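This is a predicted model, so every value here is computed, not measured. Chain letters run A, B, ... following the sequence lines, proteins first and then strands; every chain starts at 1. The basis for the numbers below is simple: all heavy atoms, side chains too, and nothing from hydrogens, waters or symmetry mates.
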Amino acid sequence: GIQVEQSPPDLILQEGANSTLRCNFSDSVNNLQWFHQNPWGQLINLFYIPSGTKQNGRLSATTVATERYSLLYISSSQTTDSGVYFCAVGSNYQLIWGAGTKLIIKP
Amino acid sequence: SQTIHQWPATLVQPVGSPLSLECTVEGTSNPNLYWYRQAAGRGLQLLFYSVGIGQISSEVPQNLSASRPQDRQFILSSKKLLLSDSGFYLCAWHPDGDTEAFFGQGTRLTVV
């Protein structure tokens with residue numbers, strides 16, 4: 001089956017810093033999403049991005065489907081950005097999940 | 001717009017007791033519904049999914065079962081909970097594997 005790998009597993013930054021999170025997947029997909037899981041466990045949809053580039057405020061994402069990777073950019077980090085960021089790809093009826101990147105933003 | 005409700009938010013149950021978690025979806029019909037479990041500090045594991053009433057697919061053999069008695073209702077159950085059933089359970093829906101998925105707020109289950 002499809003494998004999804006995220007890097008780095010952990011990231012600690014000072015407030016105001018920029019970061020890039022990566023998601024590699026092992027096969028072609030028609031669906032890729034980025035989620036943020038907040039400290040209360042809620043999964044928040046960030047981007048639905050099977051290909052191309054999208055931006056939403058300080059966050060942007062790029063998926064290069066032909067090279068099987070996606071990048072999530074966070075600029076001018078805030079403490080509220082802390083949490084775990086997941087990448088998930090669609091395969092048939094399922095979402096295949098990466099292990100996540102745990103991001104800690106220090107004030 | 002579509003919304004997904006999941007309850008309860010937290011639950012503490014003794015070993016050997018039964019479990020029933022409920023998930024309902026509003027604003028759509030015939031959704032694909034999913035139950036995931038997340039162990040502390042880890043990614044999501046797909047437990048069950050359903051593409052229609054009475055249709056359940058199990059991804060991981062375990063102590064849990066799922067049912068879909070109505071189009072927009074998905075229930076996760078257990079007859080006798082184990083300590084290893086502790087975790088964070090999330091219900092999700094999306095029209096199919098190629099479209100955006102949405103999640104309920106989750107149930108944090110602690111088996112003691």
Q: First locate atom OH of B:Y36, then atom CG of A:L43, and finally report the distance between them rounded to the nearest 0.5 Å.
A: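 Result: 10.0 Å between the selected atoms.
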**Q.** Interatomic spacing from CD in B:E100 to CG in A:L95 - rounded to 0.5 Å
**A.**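 Separation between the atoms: 10.5 Å.
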Q.
Is A:F47 in contact with chain B via its backbone, its side chain, both, or neither, using a 4.5 Å heavy-atom distance?
A.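 Contact with chain B involves no heavy atom of A:F47 at all.
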Q: Identify which part of A:Q6 has an atom lying under 4.5 Å from any heavy atom of chain B, answering side chain, backbone, both or neither.
A: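 No part of it gets close to chain B.
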Q. Which bit of B:L44 comes within less than 4.5 Å of chain A, counting heavy atoms only: side chain, backbone, both or neither?
A.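 It is both, since atoms from each part get that close.
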Given the rule that I, L, V, M, F, W and Y join up when any side-chain heavy atoms are under 4.5 Å apart, are [X] and [Y] in one cluster?
| X | Y | answer |
| --- | --- | --- |
| B:L21 | B:F48 | yes |
| B:L64 | B:I56 | yes |
| A:I74 | A:L11 | yes |
| B:L46 | B:F88 | yes |
| B:L81 | B:V15 | yes |

Q. Within the side chain of A:N45, is there an N or O that forms a donor-acceptor pair under 3.5 Å with the backbone of B:A101?
A.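 Yes, the answer is positive, given that a donor and an acceptor are paired below the 3.5 Å cut-off.
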Q. For the rings on B:Y34 and A:W97, is their centre-to-centre separation under 6.0 Å?
A.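 Aromatic pair excluded; centres sit 6.0 Å or further apart.
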Q: Would you indicate whether A:E5, at its atom CD, is surrounded by more than 12 heavy atoms from other residues, nucleotides or ligands within a distance under 6.0 Å?
A: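 It does not: A:E5 CD has 12 such atoms or fewer within range.
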(Q) Can you confirm whether more than 12 heavy atoms, excluding those of B:Q13, are under 6.0 Å from its CD atom? (A)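 Correct, the count exceeds 12.
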(Q) I'd like to know which of A:Q37, A:Q42, A:Q33 tops the heavy-atom pair count under 4.5 Å against chain B. (A)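 Maximum pair count with chain B is reached by A:Q33.
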Q: Considering non-hydrogen atoms only, spot the tightest contact between A:W40 and B:R108 and give its length.
A: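 Smallest heavy-atom distance, with atoms named: O-NH2, 3.7 Å.
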